[in-house]
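Just so you know, ligand 1 is whichever comes first in the structure, and atom 1 is the first atom listed for that ligand. Quick note: numbers below take in every heavy atom, side chains included, and nothing from hydrogens, waters or symmetry partners. None of these values were measured; they are calculated from a predicted model.
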Amino acid sequence: MKIFIDSADINEIKSLNDTGLIDGVTTNPSLIAKSGLNFIDAIEKICKIVDGPVSAEVTATDADTMILEGKKLSKIASNVVIKVPLTVDGLKACKNFSNENIKVNVTLCFSAAQAILAAKAGATYISPFIGRLDDIGADGINLISEIVDIYDLHDFKTEVLAASIRSVQDIVDSAKLGVHVATIPPKILQSMYDHPLTDKGLSTFLKDWEKTGQSIL
Ligand code: E4P
C-alpha cells in the first residue's frame, strides 16, 4: 500500500518526505487556502520535494475549463496528477485526460455507483472520502470495501485511494481491505509510529544498556 500525504504545507511535506516512506501527495483547494501559498508555486515546490504523484485539483465546474486548467497544471511537473470532482463534467474531463495519458485522481467520491463511473472514465485513482461519510453517520469503510470488491470483480485498473482519513484505525481498516493508497494528514501519519509499549520497552532497554557500561561505537 502506498502512503500519500494529504497536505499543502511545504515544511511538513519536506520533513515527512525525509522519512523515505512517502509515495506521493494530495492537495485540495481547502489545503491550498490553509497554506496561504500561491497554488501554482505550491504545486511546483511540492513536486520538487516528492518524486511520486502530486494531486492538483481543478477549480472550474465545466468540463472545457477543467480541461484547460488541468493541462496548465500538468505542465508544472511530470509527476502532477489532475484532480477532478466526481461530477458529470469532472468525469468528462477525466475521460479526456485519460485519452491523452494524463493521470487523474477523481475526488469527492461518496458511493460505489460513482466509483464505477470514475473507473469507466479512465481514472488513475478514485478517492472515496471515509471521514466525511462517518461524519454524517454513514459507513466510510464499508464504501471502501464495496469499491475494492467491485474493482477486483471487474478488473478495473483504477487504484483505490482512501481519503478523508480521520484516524490510524481508518488506515489499518483500509489496508486490510486492500486499498492501493491511503492519503494521510501529517498528524495522523505521525501517530502511526506511536505505541506506549514501544516507549516503555525502549526506556527499559536503554536503562539496562547503561548498566552494562558498554558502547557500540
Ligand atoms: C483527498 O484527496 C482530500 O484532500 C482529503 O482527504 C479530504 O479530507 P477531509 O475530509 O479531512 O478534508
Please tabulate, one pair per line, all N/O donor-acceptor pairs under 3.5 Å involving side-chain atoms of residues 112-132, not counting sequence neighbours.
from: Q114; atom 1: OE1; to: F110; atom 2: N; distance (Å): 2.6
from: Q114; atom 1: OE1; to: S111; atom 2: N; distance (Å): 3.2
from: T124; atom 1: OG1; to: V104; atom 2: N; distance (Å): 2.9
from: T124; atom 1: OG1; to: V104; atom 2: O; distance (Å): 3.4
from: S127; atom 1: OG; to: N105; atom 2: OD1; distance (Å): 2.8

Taking distance alone, no hydrogens or angles, what donor-acceptor pairs closer than 3.5 Å link side-chain atoms of residues 76-95 to residues at least two apart or in another chain?
from: N79; atom 1: ND2; to: V50; atom 2: O; distance (Å): 2.9
from: N79; atom 1: ND2; to: D51; atom 2: O; distance (Å): 3.3
from: N79; atom 1: ND2; to: G52; atom 2: O; distance (Å): 2.9
from: K83; atom 1: NZ; to: T27; atom 2: O; distance (Å): 2.8
from: T87; atom 1: OG1; to: G90; atom 2: N; distance (Å): 2.8
from: D89; atom 1: OD2; to: A63; atom 2: N; distance (Å): 2.8

Run the side-chain contact (heavy atoms from CB on, under 4.5 Å) test on I165 and T183 for me, step by step, so that the C-alpha distance in whole Å, both residues' side-chain angles and the decisive distance to 0.1 Å come before the verdict.
CA-CA 7 Å; I165 282 173; T183 190; 5.7 Å; no
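Listed by first and then second residue, the ring pair (Phe, Tyr, Trp, His ring centres under 6.0 Å) pairs that reach into residues 188-217 come to none, sequence neighbours excluded.
Taking NZ of K176 as the reference point, atom CD1 of I144 lies at 14.0 Å (rounded to 0.5 Å).
Closer than 4.0 angstrom to ligand 1 lie heavy atoms from D6, T26, N28, K83, F129, R132, A163, S164, R166.
For S174 against D170, the heavy-atom pair with the smallest separation is OG-O, 2.7 Å.
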